[in-house]
S.K.: 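Sharing a structure, written as structure tokens. Questions coming.
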Protein chains: 2
Amino acid sequence: MTTRIQRRNRRKILDAALDVFSAQGFRGATLDQIAGVAGLSKPNLLYYFDSKEAMHRALLDDLLDVWLEPLRALNPDGNGKAEILAYMRRKLQMSREFPRESRLFANEVLQGAPRLGDQIGGDLKKLVDESAALIRRWIAAGQLAPVDPYHLIFSIWALTQHYADFDAQIRMIRDGADPMEGADAFLETLFERLLKP
Amino acid sequence: MTTRIQRRNRRKILDAALDVFSAQGFRGATLDQIAGVAGLSKPNLLYYFDSKEAMHRALLDDLLDVWLEPLRALNPDGNGKAEILAYMRRKLQMSREFPRESRLFANEVLQGAPRLGDQIGGDLKKLVDESAALIRRWIAAGQLAPVDPYHLIFSIWALTQHYADFDAQIRMIRDGADPMEGADAFLETLFERLLKP
DNA sequence: AGAGACCTTGACTGGTTGGTCAGGTCTGCT
DNA sequence: AGCAGACCTGACCAACCAGTCAAGGTCTCT
């Protein structure tokens, strides 16, 4: 049974942990930092989670579901090009709404995905393989230009997540303007032209 | 004056540091790991570099020059579309040849570029601004489809570096096959279609 | 109100890490 | 050979860090 206080504090801790892990990486983050952001004492963090690693794992477990939802939402009966464009838009929207999650994921993968290897090799791979097969069917049906489906998926990931992951760089180059200003239109054009049969 | 031994050992240390920093991030890396990879003792590392941070800075200083060289090589008198495509090819080649450097850079930017802020805000921004102006001239001359030059540059960075930075993920999805297999052809098609006037 | 479970924390511990230092070894030069 | 300077290291230190624990505070339910 979980109490009201438990729910509130677990949420506060995970939110703070996401702040810190996504900005510093797993090893760079300290429990003191997380405790500071959460407004709780360090021993109290460890009352709710067994270890620093448990917090990280809890975040990653939640993350993968959310992260893959847009890909799962591809509709096999829809129009190929429209579906891919919609997928791209959803991914871009996620970078806008959940930049911390994007950076958490990026940190993890950059370091070889030591704590995420199983799920990437399992669930994620399966979903990507299925989506690739679906894209191939769309191509065969003439709804999409013939492009490699894997690279197509990777390119959507790369382009959309770049705005969240490299936010600091883009912001400095663009003098602090919203890094994603104009991104929608640009990506729309890019994929429109790439995919036109 | 620098001796032969100094040159050899500095090189060994920076190479080992690049290995470790790019795989673990700055805070995640330890001097013991670097010493192990370099085959030198920890105090010996500190005989050649004042601190852990000095090693990191030395790497970043070297890096930015190499990293921006392809962008500097844009030829204002060349054909716009051909120049951009050539730039993309050079960037992709760099991801292939220098994946560790790419990941070092990604780690740094992901964490807000705390040790690279000045250079990104200075040299890099200046170079990008100039390149963007050049791209606009090419567009005005009808050599290139009218796209936002900043987003065009970002898209090249995103797509090419993704193969180095997210290597672990791509490798798992593609069952260990060379992650960049087919990338050249895919990106060629993508930018060809995007940029055709 | 009172009992009992739940929540919180100051003080501590053992291990790790960046960095120091005194003294020893090697190298290149005459 | 012998010397000066460059190179190297074991032993050490202070700071930091994840995690523990006993003791005290708070909430909830009757």
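Every chain is numbered from 1, with letters handed out A, B, ... down the list of sequences.
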S.K.: Relative to the 5' end of DNA chain C, which residue comes earlier, A/Asn9 or B/Pro43, by the nucleotide with the nearest heavy atom?
M.R.: A/Asn9
S.K.: Which whole-number value in Å describes the distance from B/Leu40 CG to D/dC8 P?
M.R.: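 Taking atom P of D/dC8 as the reference, CG of B/Leu40 is at 7 Å.
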S.K.: Of the nucleotides D/dT9, C/dG28, C/dC7, which has the atom closest to the B/Ser41 side chain?
M.R.: D/dT9
S.K.: Whole angstrom is fine here: how far is it from CG in B/Asp32 over to C1' in C/dG19?
M.R.: 11 Å
S.K.: Can B/Asp184 and B/Arg89 be counted as an ion pair, charged N to O under 4.0 angstrom?
M.R.: no
S.K.: Nearest whole angstrom, please: distance from the P of C/dG18 to the CD of B/Gln24.
M.R.: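 The distance from CD of B/Gln24 to P of C/dG18 comes to 12 Å, rounded to the nearest Å.
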S.K.: Which nucleotide in the list C/dC7, D/dC8, C/dT27 gets nearest to the side chain of B/Tyr47?
M.R.: D/dC8
S.K.: Heavy atoms only, 4.0 Å cut-off, all strands: where does B/Phe49 land among base, sugar-phosphate and nothing?
M.R.: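 If one applies the 4.0 Å heavy-atom cut-off, B/Phe49 turns out to touch nothing in the nucleic acid.
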S.K.: So, A/Asp15 and A/Arg10, do they make that salt bridge, N to O below 4.0 Å?
M.R.: no
S.K.: Does A/Gln6 make a side-chain N or O approach to OP1 or OP2 of C/dC6 shorter than 4.0 Å?
M.R.: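 No.
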S.K.: Rounding to a whole Å, what distance do you find between A/Glu53:CD and D/dC17:C1'?
M.R.: 15 Å
S.K.: Could you check which of D/dG19, C/dC7, C/dG18 has an atom nearest any side-chain atom of B/Lys52?
M.R.: C/dG18
S.K.: Starting from C1' on C/dT9, measure out to CD1 on A/Ile5 and report it in whole angstrom.
M.R.: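 Rounded to the whole Å, the gap is 15 Å.
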S.K.: To the nearest Å, give me how far apart CZ (A/Arg10) and P (C/dT8) are.
M.R.: 12 Å
S.K.: Looking at B/Ser95 and B/Leu92, would you say the former's side chain and the latter's main chain have a donor-acceptor pair under 3.5 Å?
M.R.: no
S.K.: Looking only at side-chain N and O atoms, does A/Tyr47 offer a donor or acceptor that is under 3.5 Å from a partner on A/Asn9?
M.R.: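 Distance-only check fails for A/Asn9 and A/Tyr47.
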S.K.: Which part of the nucleic acid does B/Ala29 contact within heavy-atom distance under 4.0 Å: base, sugar-phosphate only, or nothing?
M.R.: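 Touches sugar-phosphate only.
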S.K.: If you look at every strand shown and take non-hydrogen atoms under 4.0 Å, does A/Arg8 touch a base, only sugar-phosphate, or nothing?
M.R.: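 Since no nucleic acid heavy atom lies under 4.0 Å of A/Arg8, the category is nothing.
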S.K.: Would you kindly give the NZ-to-P distance between B/Lys42 and D/dC8, to the nearest whole Å?
M.R.: 17 Å
S.K.: Quick one: which of C/dT8, C/dG19, D/dC8 gets closest to the side chain of B/Asn44?
M.R.: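 Nearest listed nucleotide: D/dC8.
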S.K.: Rounded off to whole Å, could you give me the NE2-to-C1' distance for the A/His56 and D/dC17 pair?
M.R.: 17 Å
S.K.: Please pick, from C/dG28, D/dA18, C/dG18, the nucleotide with the shortest atom-to-atom distance to any side-chain atom of B/Leu31.
M.R.: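 Looking only at side-chain atoms, B/Leu31 lies closest to C/dG18.
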S.K.: Enter the distance from A/Asp148:CG to B/Glu181:CD here, rounded to the nearest 0.5 Å.
M.R.: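 A/Asp148 CG to B/Glu181 CD: 9.0 Å, rounded to 0.5 Å.
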S.K.: Given that A/Arg27 and A/Gly39 both sit by DNA chain C, which one's nearest nucleotide is further toward the 5' end?
M.R.: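 Its nucleotide being nearer the 5' end, the pick is A/Gly39.
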S.K.: Less than 6.0 angstrom separating the ring centers of A/His151 and B/Tyr163, yes or no?
M.R.: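 Centroid distance A/His151-B/Tyr163: below 6.0 Å, so yes.
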S.K.: Output yes when at least one side-chain N/O atom of A/Arg4 is less than 4.0 Å from OP1 or OP2 of D/dT28, else no.
M.R.: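 Indeed, a polar side-chain atom of A/Arg4 lies that close.
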S.K.: Look at the side chain of B/Thr30 and decide which nucleotide, out of D/dA18, C/dT17, D/dC7, has an atom nearest to it.
M.R.: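 Closest nucleotide among those given: C/dT17.
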